[in-house]
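Okay, structure first, notes after.
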Amino acid sequence: MPESAVRIALVFPALLGTYGDGGNASVLAQRLRWRGHDAEVIDVDVDAALPDQADIYVLGGGEDTAQTLAVSRLADGTLARAAAGGKPVFAVCAGFQILGETFLDGRGDVHAGLGLIDCRTDRLDGPRAVGELLVSSPMGLLTGYENHGGRTVLGASAAPLGHVDTGIGNGDRDVDGAMQGSVVATYLHGPALARNPALADHLLSKVVGELSPIDDREEDELRAERLAAVRKAKRSPWRRQWKPSART
Ligand code: GLN
């Protein structure tokens with residue numbers, strides 16, 4: 001366990017902050033503080049070098065051009081060393097895609113990823129995946145929303161984060177996300193860690209060890225409201241407008 005404050009690096013929020021995933025870093029810090037740990041969120045500017053002294057790295061979603069710029073700034077090996085050293089890396093959507101072997105941009109050009117996850121991303125056959133996403137995982141039922149045109153296929157070294165209950169996930173309504181070593185990736189926005197405290201604690205426990213329970217009544221209320229909304233939408237005669245595959 002770190003003796004000083006736990007440092008959470010929020011990677012390039014100006015590029016990978018389109019979907020509010022910066023909230024994941026705030027959630028990690030706050031859940032530590034509630035338990036009496038010091039925590040610090042480091043907003044890493046795109047012009048700055050990624051710090052190698054952070055304890056957790058968080059990457060969010062973004063547009064195709066932004067993620068292409070982001071991957072070029074992460075190629076110095078710092079993130080790869082952090083992951084190889086067992087530091088948790090949590091990546092969402094564009095963040096997930098750039099940690100893979102390759103990804104396609106909106107024009108169809110292939111870009112090399114960082115190779116931290118054994119996966120490749122091309123484009124969904126159908127329309128963009130937009131809507132609520134529910135994923136059954138070892139950390140329980142995960143709730144969030146998705147908004148992506150990419151389809152990600154996992155290789156043998158990557159395990160899925162979970163199985164899709166509602167939505168599209170990696171692209172075939174079958175699995176979502178990836179887990180490989182200390183890297184956890186998903187298509188869940190929300191921010192995912194605000195909607196899924198168990199996932200946040202899974203990441204934190206890798207840094208500070210066993211975690212004491214905290215009062216999650218507000219988070220549970222949010223989860224119940226979101227899960228009820230998904231169930232209601234599934235029953236609705238207007239279901240078409242809620243379908244994750246519907247064009248927006
Ligand atoms: N640009 C990527 C895609 O559309 C990622 C989108 C996102 O991060 N939500 O697949």
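Just so you know, ligand 1 is whichever comes first in the structure, and atom 1 is the first atom listed for that ligand.
If you number the atoms of ligand 1 from 1 as listed, the ones under 4.0 Å from a heavy atom of Ala94 come out as 5 (C), 7 (C), 8 (O). Atoms of ligand 1 lying under 4.0 Å from at least one heavy atom of Gly61, given by number and element, are 8 (O). Close approach of ligand 1 to Gly150 is summarised as follows: ligand atoms under 4.0 Å from at least one heavy atom of the residue are 3 (C), 10 (O).
Hydrophobic cluster membership is shared by Met139 and Ile56, with clusters built from Ile, Leu, Val, Met, Phe, Trp and Tyr side chains linked at under 4.5 angstrom.
Salt bridge Asp52/Lys87: absent, no basic N to carboxylate O contact under 4.0 Å. Taking 4.0 Å as the cut-off between side-chain N and carboxylate O, Asp64 and Arg107 do not count as a salt-bridged pair.
Checked options Asn170, Asp122, Asp172, Thr121; the residue passing with Arg151 is Asp122 (criterion: side chain to side chain donor-acceptor pair (under 3.5 Å)).
Using a 30° and 60° split on the angle between ring planes, Tyr145 and His189 fall in the tilted class, from 30° to 60°.
Of the protein's non-hydrogen atoms, Asn147 O, 2.7 Å is the one closest to atom 9 (N) of ligand 1. From the protein, the heavy atom lying nearest to atom 4 (O) of ligand 1 is Gly149 N, 2.9 Å. In this structure, atom 7 (C) of ligand 1 lies nearest to the protein heavy atom Cys93 SG, 2.8 Å. Residue, atom and distance of the protein heavy atom nearest to atom 2 (C) of ligand 1 are Gln67 OE1, 3.2 Å.
Residue His148 has no nitrogen or oxygen atom sitting less than 3.5 Å from a nitrogen or oxygen atom of ligand 1, judged on distance alone.
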